[in-house]
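Everything numeric here is computed off the predicted structure, so don't read it as measured data. For ligands, and for the atoms within them, numbers begin at 1 and follow the listed sequence. One is the number of the first residue; the rest follow in order along the sequence. No hydrogens, no waters, no symmetry mates; every other heavy atom, side chains included, goes into these values.
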Amino acid sequence: MKKKSRFDLQKKKDAGEKAVWITAYDYATAMFAEQAGMDMILVGDSLGMCIYGYEGTVPVTMDQCICHCEAVRRAAAQTFIIGDMPFLSYQVSVEEAVRNAGRFHKEAGVDAIKLEGGMRVIPQIRAICDGGMLVMGHIGLTPQSSGQLGGFKAQGRTAETARALLEDAKAIEEAGAFALLVEAVPPEVCKVIRDELSIPVYSIGAGMDADGQLMISSDVLGIFQAFTPKFVKKYADLGSEIQKAFKAYADDVRQGRFPEEIHTYKMVEGEFSKFMDKI
Ligand code: KIV
């Protein structure tokens, strides 16, 4: 399988084919995502909640993101990988935004970066694109500003806020982004945004009328227990499976059923008696 480029993703949109992507933060998950034929992998700053147990994404650092991107890149050499710029890695200045976007590329070999926000991050998007990198925009529910939004809440539910999202989307495309992610927005608003833009518009919790769908791997697999957004569909209950396996292992050890002989190593013939002679 040849790694997809932004042009393949654009062709998919133009042909009316859906792109599918998922988050991954570690080697094993990324390997399975590539084997399953995902079009893209996002190393999301949701790793703050899914891996580190933070309450939100705000504490996540650049170094953490780079480290997880490196692991994902090693596992999924043939998949388009997007690094997610964490809180304060692009908000402070355009220069810092370009430098940090560059770190994702130089140190972790990502194919693109994603950052949250509309009008207020347009200078950053433009400058990162001018630096020769690919940017994906992200509007709607933007978890890094959940404080301002009053929590993890759906966005664009009134005419006024929907119009503001459309203006943000158009400005992001105009600034040079190659794609846009819309999160937790009513489907009809996402459809209008998709119809008004020429770049691919992807959804997480923004309905079916998008050019593709993103889901968080920990939600899809049923291993994130803190809360489940309305837009999540669980495709497995690995949380229960893991718990069952750990409990069965603990029971086996406590009852003397593990390890058995087949789990042990044999000494070289005749060596045990020599060993005992000197004790
Ligand atoms: O960090 C992440 O996984 C994300 C998704 C919630 C869109 O940005």
Are a donor atom and an acceptor atom from the side chains of Gln144 and Thr57 found within less than 3.5 Å of each other?
-> no

Taking 4.0 Å as the limit for heavy-atom contacts, which would you say applies to [X] with ligand 1: side chain only, backbone only, both, or neither?
{"X": "Lys114", "value": "side chain"}
{"X": "Leu47", "value": "neither"}
{"X": "Thr57", "value": "neither"}

Counting each atom of ligand 1 from 1 as listed, which ones have a heavy atom of [X] under 4.0 Å away?
{"X": "Leu214", "result": "7 (C)"}
{"X": "His138", "result": "7 (C), 8 (O)"}
{"X": "Gly44", "result": "1 (O), 2 (C), 3 (O)"}
{"X": "Thr23", "result": "3 (O)"}
{"X": "Leu181", "result": "7 (C)"}
{"X": "Ile216", "result": "3 (O), 6 (C)"}

When every non-hydrogen atom of Glu116 is compared with those of Asp45, the smallest separation belongs to OE2-OD2, 4.3 Å

Met208 and Pro187 have their tightest heavy-atom pair at SD-CB, 4.2 Å

Protein contact of [atom] - nearest heavy atom, named by residue and atom, plus distance:
{"atom": "atom 6 (C) of ligand 1", "value": "Glu183 OE1, 3.6 Å"}
{"atom": "atom 2 (C) of ligand 1", "value": "Ser46 OG, 3.2 Å"}
{"atom": "atom 4 (C) of ligand 1", "value": "Leu42 CD2, 3.8 Å"}

With only distance considered, is Asp84 within less than 3.5 Å of ligand 1 through an N or O on each side?
-> yes

Considering distance alone, does some N or O of Asp45 sit under 3.5 Å from an N or O of ligand 1?
-> yes

Inspect the contact between Asp39 and Lys12 and indicate whether a charged nitrogen and a carboxylate oxygen are less than 4.0 angstrom apart.
-> yes

Do Leu197 and Glu174 pass the side chain to side chain contact (heavy atoms under 4.5 Å, CB included) test, and can you show the C-alpha distance, the side-chain angles, and the key distance before you say yes or no?
-> CA-CA 10 Å; Leu197 265 51; Glu174 200 272 323; over 6 Å; no

Let me know which of Ser218, Ser217, Ser46 forms a side chain to side chain donor-acceptor pair (under 3.5 Å) with Tyr25.
-> Ser46

Aromatic centroids of Phe80 and Phe178 separated by under 6.0 Å = yes

Could you go through the ring-ring contact (aromatic ring centres under 6.0 Å, His included) check for His68 and Tyr27 one step at a time?
-> CA-CA 8 Å; His68 288 276; Tyr27 185 89; over 10 Å; no

Here the gap from Ile125 atom CD1 to Ile172 atom CD1, rounded to the nearest 0.5 Å, amounts to 4.5 Å

